[in-house]
Colleague: 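Sending over a structure as structure tokens; questions will come in a sec.
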Amino acid sequence: MVWSDALLTKEERSKLLGAKNVGATLWVTGLSGSGKSTIAAALEKKLLERGVNAYRLDGDNIRFGLNAGLGFSAADREENLRRIGEVSALFADAGVVAITSFISPYRASRDKARQIHEKRGLPFVEVFAYVPLEVAEARDPKGLYKKARAGQLKNFTGIDDPYEEPLRPEVTLPTHQLSVEQSCDKLIEQLYERGVLKRK
Ligand code: ADX
């Protein structure tokens, strides 16, 4: 099979769309309860309010649809993230700022998503939503840590399943020390630095 290229560059596409940005993916990774979805939702709103076309791909939501049927074994998580790597690259290629929020516990899966983007010249920003496990566990917004500790939920990330911390994330957000506002500001700054948002 042969890849079929568009007839325009991403700059030309952005110009024709009258966009204030070029497409990119912000890949937010972190433990359950680290604040990924909260930050993704807040950032999406802030970007849209500035007229930037942003769209969230959220782990919980995607598992209802595209990835319904996938569980939490290593193979299923890998497939979950493989698909999201591809889908986010399509969004980014379409000129959207895609914001993914998946635990994405394996370095190899995140690196693969990065490669897909870089191969196609699409900006990829790895964002580590960092909190110590104790903090995530104390937050326990869905009561899942409690279940995992009680042995009612197996293969729960951070308890009896691994989380491989990013080695060189472009942005680290210690969400127990930063407000949602401050986290969003850091991400917006990063988008300017990467040339995803244009300074006028
Ligand atoms: S990932 O590991 O494949 O990236 P994803 O982000 O899609 O995970 O889904 C994580 C969400 O699924 C968690 O926020 C939690 O609500 C739910 N969940 C259910 N079972 C597990 C589990 N065993 N480990 C982690 N999350 C789980």
Side-chain angles (χ1 to χ4, degrees), residues 24-44 54-92 96-117 124-176 178 180 183-184 187:
T25 291
L26 285 168
W27 186 281
V28 188
T29 172
L31 293 170
S32 178
S34 59
K36 300 181 298 298
S37 299
T38 305
I39 290 168
L43 182 68
E44 177 187 46
Y55 191 72
R56 237 165 6 106
L57 298 165
D58 184 272
D60 287 317
N61 300 352
I62 296 286
R63 281 175 175 275
F64 281 110
L66 178 66
N67 291 348
L70 294 179
F72 293 91
S73 66
D76 278 7
R77 288 185 202 252
E78 211 178 294
E79 177 60 13
N80 184 31
L81 300 168
R82 186 192 69 78
R83 291 183 197 173
I84 297 315
E86 295 288 349
V87 170
S88 59
L90 293 175
F91 272 84
V96 175
V97 176
I99 310 164
T100 69
S101 51
F102 292 76
I103 296 177
S104 39
Y106 309 128
R107 260 177 222 130
S109 296
R110 297 191 302 261
D111 288 348
K112 215 184 268 172
R114 181 188 290 277
Q115 281 162 19
I116 291 168
H117 284 74
F124 182 89
V125 180
E126 189 172 353
V127 180
F128 181 23
Y130 166 72
V131 288
L133 177 63
E134 308 82 77
V135 176
E137 197 168 350
R139 288 180 180 168
D140 206 7
K142 302 172 201 157
L144 296 176
Y145 282 99
K146 198 160 163 236
K147 279 195 184 149
R149 287 287 186 200
Q152 294 158 2
L153 184 57
K154 298 286 177 209
N155 306 113
F156 193 72
T157 306
I159 305 298
D160 58 349
D161 221 59
Y163 178 76
E164 300 170 358
E165 294 195 353
L167 298 176
R168 282 177 299 277
E170 277 84 358
V171 183
T172 298
L173 303 173
T175 64
H176 54 312
L178 297 179
V180 174
S183 289
C184 287
L187 294 175

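Atoms within each ligand, like the ligands themselves, are counted from 1 in listed order. Owing to the predicted nature of the structure, the values given are computational and were not obtained by experimental measurement. The figures that follow rest on heavy atoms only: side chains count, while hydrogens, waters and symmetry mates do not.
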Colleague: Are Arg83 and Glu79 close enough for a salt bridge, meaning some N to O gap below 4.0 Å?
Modeller: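 Salt bridge present between Arg83 and Glu79.
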Colleague: Look at atom 1 (S) of ligand 1 and say which protein heavy atom is nearest, naming residue and atom and giving the distance to 0.1 Å.
Modeller: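 Closest protein heavy atom to atom 1 (S) of ligand 1: Asn80 ND2, 3.7 Å.
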Colleague: Identify the protein heavy atom lying closest to atom 6 (O) of ligand 1, giving its residue, its atom name and the separation to 0.1 Å.
Modeller: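 Ranking protein heavy atoms by distance from atom 6 (O) of ligand 1, first comes Ile103 N, 2.8 Å.
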Colleague: Which protein non-hydrogen atom lies closest to atom 4 (O) of ligand 1, naming both residue and atom, and how far is it?
Modeller: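 Answer for atom 4 (O) of ligand 1: Ser104 N, 2.8 Å.
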Colleague: I'd like to check which ligand 1 atoms, numbered from 1 as shown, lie under 4.0 Å from a non-hydrogen atom of Asn155.
Modeller: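 Those qualifying, in numeric order: 22 (C), 23 (N), 24 (N).
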Colleague: Suppose the criterion is ring pair (Phe, Tyr, Trp, His ring centres under 6.0 Å): which pairs have a residue in residues 58-79, not counting sequence neighbours?
Modeller: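 Checked against ring pair (Phe, Tyr, Trp, His ring centres under 6.0 Å) - neighbours excluded - no pair reaches residues 58-79.
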Colleague: Using a 3.5 Å distance criterion without hydrogens, assess whether the side chain of Thr175 forms a donor-acceptor pair with backbone atoms of Ser34.
Modeller: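 Yes.
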Colleague: Any non-hydrogen atom of Lys36 lying under 4.0 Å from ligand 1?
Modeller: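 Checking ligand 1 against Lys36, which is what was asked, there is no heavy-atom contact under 4.0 Å.
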Colleague: Say whether Trp27 and Ser104, considering side chains only, have a donor N or O and an acceptor N or O under 3.5 Å apart.
Modeller: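 Yes.
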Colleague: Should the pair Glu170-Arg114 be classified as a salt bridge under the 4.0 Å nitrogen-to-oxygen rule?
Modeller: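 Salt bridge: yes.
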Colleague: Pairs in or reaching into residues 147-175: which pass ring pair (Phe, Tyr, Trp, His ring centres under 6.0 Å), with residues at least two apart or in two chains?
Modeller: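 Those involving residues 147-175 are Tyr145-Phe156.
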Colleague: So is Asp161 touching ligand 1 or not, going by heavy atoms under 4.0 Å?
Modeller: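 Judged by the 4.0 Å heavy-atom criterion, Asp161 does not count as contacting ligand 1.
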Colleague: Looking at atom 16 (O) of ligand 1, what's its closest protein heavy atom, distance included?
Modeller: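 Among all protein heavy atoms, the one nearest atom 16 (O) of ligand 1 is Lys142 NZ, 2.8 Å.
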Colleague: Which atom pair, heavy atoms only, marks the closest approach of Thr25 to Ala89?
Modeller: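 It is OG1-N, 4.4 Å.
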Colleague: So, for Leu81 and Pro105, which heavy atoms are closest and what is the spacing to 0.1 Å?
Modeller: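 Minimum heavy-atom contact is CD1-CD, 4.1 Å.
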Colleague: Can you tell which part of Asp60 has a heavy atom less than 4.0 Å from ligand 1: side chain, backbone, both or neither?
Modeller: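 Just the side chain.
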Colleague: To which protein heavy atom is atom 24 (N) of ligand 1 closest, and what is the distance rounded to 0.1 Å?
Modeller: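 For this ligand atom, the closest protein heavy atom is Arg77 NH2, 3.1 Å.
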Colleague: Which atom pair, heavy atoms only, marks the closest approach of Pro169 to Thr172?
Modeller: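 For Pro169 and Thr172, the tightest heavy-atom pair comes out as CG-OG1, 3.4 Å.
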Colleague: How close do Arg110 and Glu165 get, counting heavy atoms only, and between which atoms?
Modeller: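 Answer, listing the atom of Arg110 first, then Glu165: NH2-C, 3.6 Å.
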Colleague: For ligand 1, find out whether one of its N or O atoms is nearer than 3.5 Å to an N or O atom of Ser101.
Modeller: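 Not met; the criterion fails.
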Colleague: Can you pull out the closest protein heavy atom to atom 12 (O) of ligand 1? Residue, atom name and distance to 0.1 Å, please.
Modeller: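 In this structure, atom 12 (O) of ligand 1 has Phe72 CZ, 3.2 Å as its nearest protein heavy atom.
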Colleague: Below 4.0 angstrom from a heavy atom of Pro105, which ligand 1 atoms are there? Numbered from 1 as shown, please.
Modeller: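 With Pro105 as reference, the close atoms of ligand 1 come out as 2 (O), 4 (O).
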Colleague: Which ligand 1 atoms does Ser32 reach within 4.0 Å, using its non-hydrogen atoms?
Modeller: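 Matching atoms, with element in brackets: 14 (O).
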Colleague: For atom 15 (C) of ligand 1, what is the nearest protein heavy atom, given as residue, atom name and distance?
Modeller: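 In this structure, atom 15 (C) of ligand 1 has Leu144 CD1, 3.4 Å as its nearest protein heavy atom.
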Colleague: Using a strict cut-off of 4.0 Å, indicate which atoms of ligand 1 neighbour a heavy atom of Thr157.
Modeller: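 The atoms of ligand 1 under 4.0 Å from a heavy atom of Thr157 are 24 (N), 25 (C).
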Colleague: Record the part of Lys154 in heavy-atom contact with ligand 1 below 4.0 Å; permitted values are side chain, backbone, both and neither.
Modeller: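 The part of Lys154 near ligand 1 is the backbone, not the side chain.
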Colleague: Would you mind telling me if ligand 1 is within reach of the side chain of Leu81, the backbone, both or neither, using heavy atoms under 4.0 Å?
Modeller: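 Near ligand 1, Leu81 shows its side chain, while the N, CA, C and O stay back.
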Colleague: How far is atom 22 (C) of ligand 1 from the closest protein heavy atom, and which atom is that?
Modeller: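 Checking every protein heavy atom, the shortest distance to atom 22 (C) of ligand 1 gives Phe156 CD1, 3.4 Å.
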Colleague: Regarding Lys142 and Asp60, does a basic nitrogen lie under 4.0 Å from an acidic carboxylate oxygen?
Modeller: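 Result for this pair is yes, salt bridge flagged.
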